[in-house]
2 protein chains.
Amino acid sequence: MGSAHSSCSLLTASSTQHFCFPQPPICVSKLRPANQNQIRSIKFTSHSFRCCSSPQNLSLRCNQVGEFETQVKYLKTMADIHGIDQELLNTIVYDALVWSSLHGLVVGDKSVKRSGIVPGVGLVHSPIALLPGSFPETHWKQACELVSIFNELVDRVSLDGKFLQESLSRTKKADDFTSRLLDIHSKMLQMDKKEEIRLGLHRSDYMLDEKTKLLLQVELNTISSSFAGLSQIVSKLHSDLLDQYGEVLGLDSRMIPENNSGNQSAEVLAKAWTEYNNPSAVIMIVVQAEERNMYDQHWLSVHLRKRHNVKTIRKTMAEIDREGELQSDGTLLVDGQAVAVVYFRAGYTPIDYPSETEWAARLLVEQSSAVKCPSISYHLAGTKKIQQELAKPNVLERFLDNKEDIAKIRKCFAGLWSLDDKDIVKKAIEAPDLFVMKPQREGGGNNIYGDDVRKTLVRLQKEGNVEDAAYILMQRIFPSVYPTIFVRDGICHKDHAISELGIFGAYLRNKDKVIVNDQCGYLMRTKVSSSNEGGVAAGFAVLDSIYLT
Amino acid sequence: MGSAHSSCSLLTASSTQHFCFPQPPICVSKLRPANQNQIRSIKFTSHSFRCCSSPQNLSLRCNQVGEFETQVKYLKTMADIHGIDQELLNTIVYDALVWSSLHGLVVGDKSVKRSGIVPGVGLVHSPIALLPGSFPETHWKQACELVSIFNELVDRVSLDGKFLQESLSRTKKADDFTSRLLDIHSKMLQMDKKEEIRLGLHRSDYMLDEKTKLLLQVELNTISSSFAGLSQIVSKLHSDLLDQYGEVLGLDSRMIPENNSGNQSAEVLAKAWTEYNNPSAVIMIVVQAEERNMYDQHWLSVHLRKRHNVKTIRKTMAEIDREGELQSDGTLLVDGQAVAVVYFRAGYTPIDYPSETEWAARLLVEQSSAVKCPSISYHLAGTKKIQQELAKPNVLERFLDNKEDIAKIRKCFAGLWSLDDKDIVKKAIEAPDLFVMKPQREGGGNNIYGDDVRKTLVRLQKEGNVEDAAYILMQRIFPSVYPTIFVRDGICHKDHAISELGIFGAYLRNKDKVIVNDQCGYLMRTKVSSSNEGGVAAGFAVLDSIYLT
C-alpha cells in the first residue's frame, strides 16, 4: 500500500461518481480486498439506503457500497463508526456539508470547466472523511519528532552538489525530467551560486504498517507540498463536529491534535519574505494554469495579506518566462514586481514543462536572488532516488552527526532498493506483491503494483536496461484497514479505508542562522482500501484529520 | 422604480447568463434608460475587454456592456468607480471572489440541480457589487430611527384582528392566497388564540427618491425577510476590500456601517427560544423544498448552535403536515421534537401552498403554542393592502400614540392608493409611468409598470371589477442612478445601477414585556438601472452594502 500519491491526484483523479439526486441511488464502486493477508473473506451485500429521514430537509443518500465480514482488527475507538444511528449520521453529514460551505473547505468541481481558473465558481466541498481517523499517539509523537531531523537532513543533502549529481547520474540517463533538473543544478554549481536564505516547506508522508506496527515513510515531499491550507480547515471541521456530537458518539474533540498547517506555513513564508528584506517585493506562487485546489493555496495568501500585509501574485511557469527578468543584482522581476519568495505549487511534474519556455522560467528563478521554496537542490533532495540512496548503509552518517537522530530516521525507512540490486529484482519478480516500483520524480500516481511489477521488471531485463530505469523498488507497506465514512460530492459512503499521515515541516535559515525548524501541522489522507492506487485513481481519497488513541 | 422584489427572486430569477470562459466574451445584457427624466442620452458602445493581465493568473474578463453619456448626477464618492485602473480592478475582483469562496459568501448555482437540496455541492459566490454603494448618512440614520417604530406598529396592528379582517375584506374576494391566510386568522380569532410571545424579524425596504430627496418605503416584509445571513458577510467583504485597497481608491472602510444582521437575527431567535422555556425544544426553519439561498439561512443556524447550543431543524410545509402533531398543552411536535420557535423562510407565496397539505401545516403551526416568526397576524400586517391602509389619513393614529413617531413614519410613505380611488385610477391611466401596480401578497416580482398599468386598469374597468382587484397603486419611486461594478458568476460587469436599502428589525415581547425592539443590521440590494423589474428578472441584482457619504 506504499503509494506515494501526488498532492493533486487526490482531488483531480476520479473516474467514479456517485450521484444520489435526482437519480435513484446507485452503487458504482467496487471494493476489492485491500490486503489478502488481512481481509480473507469479504461478503458484498451491495445495497443503498436513503438518509433523508433526518431532521434536516435532506435528500442526501448514503450509498453503503459494501458490507464486510472481515478478519481485520479494527482500530478501537472508531470500530463502530459504521454502526452510527442512521438519523444521527444524516444530521452529521448535513452539518459537515454546511460547515464546509461556510468555512471555505472547498475545491473546484471538476465538472465545471472554469472552476480551476476563476475563483468563486464551480465550488464543491472538499472530499472529506466525516470523522477523524484513529491514530496511535506514540506513532504521532514519533512522526512529530522526525520533522526537525528531516528538515535538517534535506538542507545538508542540498548542499552536497556532488552527492546529488552522482546519486542521480543513472536516473539522469533514463528520466528526461530529472535530467533537466540536474542540468539546472549543474549550472548553479558551475556558477557557484549560493542560496543564503534557504526555505523548505516539506511534507513527510507515513503509513503505519499493520504487521510490524512500524511507522514507515512513504515519501518526503520537498516541492509543492499541498493541502496545508485545507487540512487545517478539516481539523477544525472535525473538532467542531466532535464538540457538537462527541458526547453521543463517545469521542472527545481534544483528542484531535491542533493543526495550524495553513497559518504556520504562511507564517514561515512571511518570515522568509522578511529575511529577503525588500518591503516592496512580493511572494510569487508558481501555479498550474488550471488549479482546482486553488483554495488550499488561497488560504495561505489570505493569511499573508491579513497578518503580514505581504502581497502574493500567482504566475504560471509560462508567465514567468514571458514577464520575468533578472536585474543585475540578481533581483527577480516579474511583471515589473520584485519577487522576494518563489513558492512552487507547480513545476514538480513533467506536465508542468510542456515546452522550453517553462524550463527557461525555472532556470530564471534559480539564477535569481529570490528565496526559492524549493531551490533546485531542495527539489532534487526529495527525489525517490535520493530517498533510496539515503537508506543505504552509512549514507545518513554523511549528513547527520547525532546518532540518535540517525537511528530515529532509519527506523522509519521502509526497504528501498535500486534496480541494480539484482537479488532484490529477482525477489520482486518472484513476489511482486511485496514491492512497489516507484518513478523518480514527484507527482505520483505512476507507481507500479502487483503483477505489473513482475511484468515490468521482466520486460526491462529483456530490454537490458533494468539498471538504468527511472524507478526504484520499495517495500510495500500494508497499513491497517478500518471502517470509515467518506463524504464526497454531497454523498456519504461507508467503506473500509487506509490512511497516510503527512507531517508538514518548515525550515528557514539565513546563512548560519536557523530561523525556523519546526513541525507545521499535518495532513491525513484516507482512501478506500481497494488494492494499490485504485482508491486514489477512483477519486475516493479524502482529506481527514487524526484522533489520537 | 418602486419595485418590491421578492427576497428570493434576486438569486433565482435569471434569464441572462454571462460566460467569459471558455467562450469568447459576449455581451448579452441590454440596457435601457432607467428613468427618462434622468438619462436622456445613452450611447451604447458595446464592447468587452479581457482583464487577465492582472498579477493574478487570471482569466476573468470584464464585460463592459454599455458606456454612457448621461445627465445623471452621480453620487460623489463612487462617481469614478468605472474609471478604476483596469489591472487594479482585476486584482480586486479576483480577491473578492477568493474571499467569498473562503468565507461562505455563497449560494447554490442554478445550473446545478442538486444545489438547492444538498449543501456543499454546486456552490457559487453570491452575486455582489464589488464595492459598497454610496448612501447619504442622514437618510441612513433616518431609516435606522424608523425601525423600532415600525416594529411596534406591526405588533399593534397585529392585535387588531378586526382592522386586519376589514381592511383585507375586498382583497379576500380577489386573491385566494390572502383569503386562505384570512381564514386561518379568523379561526384564531374565533378560538380567541393569544400569542403571548410575539416575534418579528422584519425588513423595511427603502429607496431614495432622486427628485424629492426623500427616503421612501417600498415595502415592509414581515415574513421570510431574507439575506440577514449573507448581507452581514457582504459588509465584511467590502470592509476587508477597503482595508486592503481603500487607500489607493480613496475610500475608508470605517464608512461602511457595522452590519451584524445574521448574528443579531440569530440572537433574537435564541432569545425567543429562551422565552419559550423548553430546553429540549428546537427552532424549526420552515423551508422550501429547494433553496439555493440556503447558506443565508445556515449562517443563522450555525450561530444558534455555536453560541447558544440551540438546535435547528429544517422542514418543508409538507413535512410539517406529515410529521407534525399538536399536544394537548399546545406544544407543537414535529418528527417527535418539541418546537419552540417556528421561523418561516417559506410560506410567503402561493407557490409554497400547492395543496391542502401545506395549508393544514400552516394552520397546525398557528394553533400551537410555538413562537411564530411570524404569526398569521404579523404576516397579514405586512401585506401591501395594510401598508396602503396605514397610509390613509388618521389610520396610523389608531395604533401609535407618539406624534413624532407618526410623523416620522408618514414621511417615508410613498403615495399608496386603493383601486377604489377613482381619481387615482384615472390619473394612473393617463400617466402610468408615475405609478406601480402591486399585488397584495408577498413574494414580489409581479408588479406592473409603465403602459401595462394603463392596459391592466382599462381591462379591469371593462370587466367591472377594478375595485376588487388584488392590487394597490403605488407612487413610482425614481431612485438615483449611479455607476457600479457587478460581479456575478465570476465575471465583473460595469453598469449603472439603482439600489434598495433594507433595514432589518427585530421585535420580541412576552406579554407586556418588550424584550427586543431593535435594528438588526441591513441589506443593500443593487441592480442594473434598466427599466422596471428588468434588472431583477435578468438576474442582475446583487448583494451590496453601503458607504456613508
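Naming convention: chains lettered A, B, ... in sequence-line order (proteins, then strands); numbering from 1 in each chain. As a basis for the values below, the full set of heavy atoms in this structure was taken, side chains included, without hydrogen atoms, waters or symmetry mates.
L102(A) CG to L123(B) CG: the interatomic distance, rounded to the nearest 0.5 Å, is 9.0 Å. Taking CG of N309(B) as the start and CG of D243(A) as the end, the distance is 10.5 Å to the nearest 0.5 Å. The CZ atom of R305(A) lies 10.0 Å from the CH2 atom of W99(B); values are rounded to the nearest 0.5 Å.
Put simply, of D240(B), V106(B), V112(B), the one with the most heavy-atom pairs under 4.5 Å next to chain A is D240(B). Here G104(A) is the residue among A96(A), G336(A), G122(A), G104(A) with the most heavy-atom pairs under 4.5 Å with chain B.
In this structure, chain B has heavy atoms under 4.5 Å from both the backbone and the side chain of V121(A). Both the backbone and the side chain of V98(A) come within less than 4.5 Å of a heavy atom of chain B.
Ring geometry for W299(A) against H103(B) counts as tilted: the plane angle lies between 30° and 60°, on a 0 to 90° scale.
Taking a cutoff of 4.0 Å between a charged side-chain nitrogen and a carboxylate oxygen, D489(B) and R114(A) qualify as a salt bridge.
Enclosure of atom CD1 in I351(A) is not indicated, since only 12 or fewer non-hydrogen atoms of other residues, nucleotides or ligands lie within 6.0 angstrom.
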Checking side-chain contact (heavy atoms from CB on, under 4.5 Å) for the pair D95(B)/H298(A): CA distance, chi angles, key distance, verdict? CA-CA 9 Å; D95(B) 283 357; H298(A) 290 315; over 6 Å; no
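The shortest heavy-atom contact between P119(A) and S101(B) is C-OG, 4.4 Å.
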